[in-house]
Asks: 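Let me begin by handing over the structure; questions about it come next.
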Amino acid sequence: MRATSFGDSGAVIGVEQVDDLAAFVVARETGHPRWVWDDTSRWYAPLLAAGVRVDRCFDLRLCHAILRSSSLTSDSRLARSRRGLWDAPAPAAGPVAAAPSHSALFEWDQVAAPAPSVESDPVAEFELQRSAVAGCPEPSRLGRLLAAESVGALIAAEMRFAGLPWSAGRHDAILSASLGPRPAVDGARPAKLQAVLDIVRQRLESPELNPDSPADLLRALGLAGLMVTSTRSWELATLKHPAIPPLLEYKKLSRLLSSNGWAWLDNWVAGGRFRPDYVPGGAATGRWATSGGGALQLPKNIRGAVVADEGWKLVVADASQLEPRILAAMAVDRGMIEAGSAGDLYAGIVASGALETRDQAKVAMLGAMYGATTGEGGRLMPALTRAYPRAIGMVENAARAGERGEVVTTRLGRSSPPGHDSGTWNETVSSAEAARARDRGRAWGRFTRNFIVQGTAAEWALCWMGSIRRRLHELNDAGALVDGPHLVFFLHDEVVVHAPADLAVQVAGVISDAAVDAGRLLFGQLPAQFPVTIAIVDNYGQAK
DNA sequence: TCTGAAGGCGCC
DNA sequence: AAAGGGCGCCTTCAGA
């Protein structure tokens, strides 16, 4: 493979043939280059396997996706170019692969860019991206986003490499306690699940009932005189009938078995580690997704199986009330920022006299960010709007923009996907069609309303993690990644660090300091607080 | 027999 | 008690 070096002046310093990737990277890493590559996991996974860490990178595919749709770069050559190879979705990680045999690898400092040539050529793509950023109205903001997105990709690869410490024994104990022992035959119902089902069948007088089939269950409920339009748990819970409690219990247990039962354990845990396939930028808002293993839906009732190694601790941290705080800061709503300054934002809203109870404050804020129109959330909106016109005005504007088919943009510059075609609304003749078009428009408005908040919160989280990573590296700059404290889990506004016990308190400090860093990266000197709640525990189930 | 949609539910 | 945003995964079920 080939590597091209750029210098500060923007000139190409040299092009080299690379035979041993790991040795090549190790030799240059002391100069703190930024490694530019087409896909982080593809290049970094083999490096990690070879015991090599890198500080900084630039992930061309992830950054291309941001620049392709950002409203800040809509005039760029990149945004106007036809969709191509760089617009393809992330390749699935799969097993840790052998070193790639083609494409190119680059290091970069600060460069200016000549014109691109071949579409699939990473050098051309890199230069196209650099010119898009340089020519946009907010290059430093967008630059921070691209750096944050890229460091996220490094972290995703490192977390997959390190794995989440997982005790198969504890997991089995949790399953056995609620479901009964693992059945000898795969696919058979465990004893306790079967026992609960027997009671349901008996009380519904429906011995053949398949409780996993909504249609069949609906039929059986109807025959028992229970009129209900769906089999959702919350709807069933409103019914008074002796079959309902065991049925709800069955649903809970059955969910545990099918999603995180023994089959999941067999598939996803090996050598005491759970290694999810993280997909940075997997959601349109910039949130991560995962592919396989359902890592972002890890149920609370099995988190006790996440157990620190002997002599190690889990440092679990989550950002408190992140999204409303993000909204307050992006809108520069001084009143709402002030409400969050003493600790509990919702309590602060009550203290300001805007609403009566903490519960009201919470429901109203969620309603504002999600677009509640009815229910308590909808009813409380006028009071909330009076108290915090800037913050609420910001999400309202985002909603209206979405309804008009316009794009909205996060703090650092990630834009929403192209919206619905607002033109069809006026052109439709049938009133039913017009109503559908209006509903679609409003649904899109709820999406764009939430997009600016969720997307900016995702940016904050990336900056937070990036800073945690850098600070942890300072605690362990000589050893291998897993010899010192390292990130092992990320869940939108929550992180878990696996740390030697004697460093756990220091790690907690790192995580708090990093939250301050993240606030500054997004909002400068604005006095917005982003407090984190931290627990030092032996297993994840003990946190919160 | 395979595939995709729908119903449902776990997480934030 | 229920409603608003983002996801992934499991099961059933209808259609090719």
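Keep in mind that this is a model prediction, so the values were computed, not measured.
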Asks: Within the pair A/Thr231 and B/dG8, is there a side-chain N or O less than 4.0 Å away from OP1 or OP2?
Replies: yes
Asks: Of the nucleotides B/dC12, C/dC7, C/dC13, which has the atom closest to the A/Ser213 side chain?
Replies: C/dC13
Asks: Hey, which of A/Trp166, A/Trp264, A/Trp262 is the one that makes side chain to side chain donor-acceptor pair (under 3.5 Å) with A/His171?
Replies: A/Trp166
Asks: Which nucleotide, C/dG4, B/dC9, C/dC7, lies nearest any side-chain atom of A/Tyr370?
Replies: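 Nearest nucleotide to the side chain: C/dG4.
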Asks: Could you check whether A/Trp288 gets within reach of a base, just the sugar-phosphate, or nothing at all, counting any heavy atom under 4.0 Å?
Replies: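 Since no nucleic acid heavy atom lies under 4.0 Å of A/Trp288, the category is nothing.
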Asks: How would you label the glycosidic angle of C/dG8: syn (within 90° of 0) or anti?
Replies: anti
Asks: According to a strict under-4.0 Å criterion, is A/Arg446 in side-chain N/O contact with OP1 or OP2 of C/dG5?
Replies: yes
Asks: Please state whether the phosphate of B/dC9, meaning OP1 or OP2, lies under 4.0 angstrom from any side-chain nitrogen or oxygen of A/Lys251.
Replies: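 So the side chain of A/Lys251 is within the cut-off, an N or O lying under 4.0 Å from OP1 or OP2 of B/dC9.
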Asks: Measure CG/A/Leu366 against P/C/dG6 and give the value in whole Å, please.
Replies: 15 Å
Asks: Select one nucleotide: of C/dG6, C/dT11, B/dC9, the one nearest the side-chain heavy atoms of A/Arg232.
Replies: B/dC9
Asks: Between A/Glu235 and A/Thr285, which has a closest nucleotide on DNA chain C that is more 5'?
Replies: A/Glu235
Asks: Take the protein atom CG of A/Leu164 and the nucleotide atom P of B/dC11, then report the distance between them rounded to whole Å.
Replies: 16 Å
Asks: Do A/Asp333 and A/Met394 pass the side chain to side chain contact (heavy atoms under 4.5 Å, CB included) test, and can you show the C-alpha distance, the side-chain angles, and the key distance before you say yes or no?
Replies: CA-CA 10 Å; A/Asp333 189 313; A/Met394 179 153 217; over 6 Å; no
Asks: Kindly say if A/Asn210 contacts the phosphate of C/dT12, meaning a side-chain N or O under 4.0 Å from OP1 or OP2.
Replies: yes
Asks: At under 4.0 Å between heavy atoms, what does A/Ser233 touch on the DNA or RNA strands: base, sugar-phosphate, or nothing?
Replies: sugar-phosphate
Asks: Could you tell me whether a side-chain N or O of A/Arg469 sits under 3.5 Å from a main-chain N or O of A/Ile155, the two making a donor and an acceptor?
Replies: no
Asks: Side chain of A/Glu376, base of C/dA1: donor and acceptor closer than 3.5 Å?
Replies: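 Yes, the side chain and the base share a sub-3.5 Å donor-acceptor pair.
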Asks: Starting from P on C/dC10, measure out to CG on A/Leu253 and report it in whole angstrom.
Replies: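 That distance rounds to 18 Å.
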Asks: Closest nucleotide of DNA chain C for A/Gln297 versus for A/Asp359: which of these residues is on the 5' side?
Replies: A/Asp359
Asks: Any strand is fair game: report the nucleotide pairing with C/dA3 by Watson-Crick or G-U wobble, both distances under 3.5 Å, or none.
Replies: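 No nucleotide pairs with C/dA3.
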Asks: Please state how far atom CD in A/Glu323 lies from atom P in C/dG4, giving the value in whole angstrom units.
Replies: 18 Å
Asks: Under the criterion side chain to side chain donor-acceptor pair (under 3.5 Å), which of A/Arg201, A/Arg255, A/Gln194, A/Arg189 is the partner of A/Tyr250?
Replies: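 Checked A/Arg201, A/Arg255, A/Gln194, A/Arg189 against A/Tyr250; only one passes side chain to side chain donor-acceptor pair (under 3.5 Å): A/Arg189.
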Asks: In whole Å, I'd like the distance from the CG atom of A/Asn267 to the C1' atom of C/dC9.
Replies: 13 Å
Asks: Given the structure, check if the side chain of A/Arg287 and the base of B/dC12 hold any donor-acceptor pair shorter than 3.5 Å.
Replies: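 Pair found.
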Asks: A/Arg379 CZ to C/dA1 P: how many Å, rounded?
Replies: 15 Å
Asks: Given that both distances must come in under 3.5 Å, which nucleotide forms a Watson-Crick or G-U wobble pair with B/dG4?
Replies: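 Looking at the geometry, B/dG4 pairs with C/dC13.
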Asks: Just checking, any donor-acceptor pair under 3.5 angstrom between side chains of A/Ser416 and A/Thr448?
Replies: no
Asks: Compare side-chain N and O positions of A/Thr290 against OP1 and OP2 of C/dC7 and report whether any pair is under 4.0 Å apart.
Replies: no
Asks: Scan side-chain atoms only and decide if A/Thr410 and A/Thr456 contain a donor-acceptor pair under the 3.5 Å cut-off.
Replies: no
Asks: In terms of side-chain heavy atoms of A/Gln454, which of C/dC13, B/dC12, C/dG5 is nearest?
Replies: C/dG5
Asks: Taking OP1 and OP2 of B/dG10, is either one under 4.0 Å from a side-chain nitrogen or oxygen of A/Arg255?
Replies: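 No, A/Arg255 has no side-chain N/O under 4.0 Å of OP1/OP2 on B/dG10.
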